[in-house]
Amino acid sequence: MQNPNITADNIVTEISKQVKNYPIEPNYGFRYENNQCYFEVFINDFPAFKQFKKPTSSAFEINPFIFKNGTQKITYKLYPVNSAALSEETSLTLNLESFDMKNESQGDVVVQEFKTPSTEVKIADNYSNQKFVGAGKNYYEGSFDVKVDVPYQLHSAFENAQDLQKMDKKELEAKLLKKYKEIWSIYQNKELDNIAKLEYDSFKDLFVSGYSNKNEIENNWKELNQAYTSSTFKMQPIEKYKLQFFAGGKLAALMLDTTDNQLRGNTALWAKVDYDGGMRGMFINRYFYIPQGEKEFKVY
């Protein structure tokens with residue numbers, strides 16, 4: 001098992017040791033507005049956000065997916081809403097904003113603005129409309145770069161992982177399914193120490209990038225523990241999935257192969273648990289890698 005020294009009792013302390021604070025603590029996020037489409041956003045080919053609910057405008061933070069300063073590649077994927085194809089009016093706006101967590105009264109600063117491409121369609125001599133370039137397609141993908149300036153530098157657990165895309169796909173999927181079943185049992189059996197070992201690396205990156213204090217880390221871990229130890233917590237069958245690669249092939253996951261908007265964009269590791277007044281899905285979106293020189297999967 002990875003991270004052998006981590007337990008459910010010491011994970012909060014061990015992560016808090018890694019967190020540093022700085023005179024300026026920038027927190028980056030995208031403010032978005034999607035029209036007539038669902039969408040997913042990937043940062044450096046890692047899943048960062050998905051919106052499979054009614055089109056709206058809101059925002060999401062991206063610091064957990066930024067490991068160091070400089071250029072970050074943003075990829076977006078668009079899907080139709082209630083139809084077989086994307087309409088001419090489809091659009092997605094992604095505005096990169098930042099605020100200093102040490103000076104929140106300063107407010108958000110717009111760093112960069114982006115909108116999906118369109119072409120001008122002339123309706124009359126003095127009137128024209130914008131038509132989405134992907135109109136008529138059942139899927140559209142694009143990307144753009146942004147630059148960020150963060151004071152921390154993270155070395156992700158999968159930084160030097162093997163390129164899993166070079167392996168035989170059938171053998172890889174069978175090997176990955178075997179690992180999934182192992183992880184499934186750990187969560188189903190409420191093995192909190194092993195869960196802590198599995199979640200340590202991604203948790204560390206989350207809280208280091210958020211400049212979090214020990215109390216914030218502890219509250220988050222307690223909330224998860226309450227779900228994991230609930231008598232209603234029940235892992236769901238590993239089924240209806242497809243193999244998918246991330247991070248340039250360094251990560252792999254079995255993603256749910258479904259058009260159900262409650263499930264789309266999640267991995268095949270998930271549970272149902274009673275919280276907030278009803279049984280709800282709890283998605284354990286872990287991603288898998290094999291370090292250089294090794295043969296077995298590890299979890300991020």
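In this text the structure is predicted, and so the values were computed from the model without any measurement. Both backbone and side-chain heavy atoms feed into the values below; hydrogens, waters and symmetry mates do not.
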[Y] side chain reached by [X] side chain, heavy atoms, under 4.5 Å:
X    : Y    : value
L96  : F144 : no
Y28  : D149 : yes
Y139 : K77  : yes
V146 : V111 : no
Q72  : F65  : no
L243 : F245 : yes
R286 : T267 : no
I284 : M235 : yes

Quick test of your reading of the model: are [X] and [Y] salt-bridged, counting only N-O distances below 4.0 Å?
X    : Y    : answer
D201 : K298 : no
E182 : K179 : yes
E159 : K250 : no

Start with the C-alpha distance between Q51 and F60, add both sets of side-chain angles, then the distance that settles side-chain contact (heavy atoms from CB on, under 4.5 Å), and finish with yes or no.
CA-CA 11 Å; Q51 217 283 35; F60 59 94; over 6 Å; no

Residue [X] excluded, over 12 heavy atoms near [atom1] under 6.0 Å:
X    : atom1 : result
E296 : CD    : no
Q244 : CD    : yes
K73  : NZ    : no
Q292 : CD    : yes

If every non-hydrogen atom of [X] is compared with every non-hydrogen atom of [Y], which pair is closest and at what distance?
X    : Y    : answer
V148 : K68  : CG2-O, 4.2 Å
K115 : S91  : CE-CB, 4.0 Å
N10  : N5   : ND2-O, 3.0 Å
P55  : C37  : CG-O, 3.9 Å
Q36  : S87  : OE1-OG, 2.5 Å
S118 : Q130 : OG-OE1, 2.8 Å

Interatomic distance, [X] atom [atom1] to [Y] atom [atom2] [nearest 0.5 angstrom]:
X    : Y    : atom1 : atom2 : result
E61  : L206 : CD    : CG    : 9.5 Å
K170 : L172 : NZ    : CG    : 13.5 Å
I74  : L94  : CD1   : CG    : 8.5 Å
N3   : E199 : CG    : CD    : 11.5 Å
Y180 : K175 : OH    : NZ    : 15.0 Å
I43  : S143 : CD1   : OG    : 13.0 Å

Please check: side-chain N/O of [X] versus main-chain N/O of [Y], any donor-acceptor pairing under 3.5 Å?
X    : Y    : answer
Q153 : P151 : no
K190 : S230 : yes
D257 : K242 : no
N27  : M101 : no
S16  : T13  : yes
D205 : P64  : no
E223 : N220 : no
N261 : K54  : no

Is there a path from [X] to [Y] through hydrophobic residues (I, L, V, M, F, W, Y) whose side chains come within less than 4.5 Å of each other?
X    : Y    : result
V133 : L92  : yes
Y228 : I15  : yes
Y32  : F114 : yes
L177 : V299 : yes
V273 : W270 : no

List the steps, then state whether side-chain contact (heavy atoms from CB on, under 4.5 Å) holds for W221 with L192.
CA-CA 11 Å; W221 181 242; L192 293 182; 5.5 Å; no

Pair N35, E89 - check side-chain hydrogen bond (donor to acceptor under 3.5 Å, both in side chains), show working.
CA-CA 7 Å; N35 182 46; E89 292 77 28; over 6 Å; no

Could you verify whether a donor N or O on one side chain and an acceptor N or O on the other, from Q165 and D163, lie under 3.5 Å apart?
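There is such a pair (donor and acceptor under 3.5 Å, judged by atom type) between the side chains of Q165 and D163.
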
Start with the C-alpha distance between K50 and N266, add both sets of side-chain angles, then the distance that settles side-chain hydrogen bond (donor to acceptor under 3.5 Å, both in side chains), and finish with yes or no.
CA-CA 9 Å; K50 54 185 175 294; N266 292 293; 3.3 Å; yes

Taking the ring of F52 and the ring of Y79, is the distance between their centroids below 6.0 Å?
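When the ring centroids of Y79 and F52 are compared, they turn out to be within the sub-6.0 Å range.
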
So, do F158 and Y287 have ring centers that fall under 6.0 Å from each other?
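No, the ring centres sit 6.0 Å or more apart.
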
Working note: Y152 + I66, criterion side-chain contact (heavy atoms from CB on, under 4.5 Å); need CA distance, chi angles, decisive distance, verdict.
CA-CA 9 Å; Y152 61 83; I66 297 173; 3.8 Å; yes

Go through K102 and E25 one step at a time and tell me if the salt bridge (charged side-chain N to carboxylate O under 4.0 Å, His left out) criterion holds.
CA-CA 6 Å; K102 283 289 183 68; E25 295 181 342; 3.7 Å; yes

Chi angles and distances behind the side-chain contact (heavy atoms from CB on, under 4.5 Å) call for F246, Y300:
CA-CA 12 Å; F246 303 99; Y300 181 76; over 6 Å; no

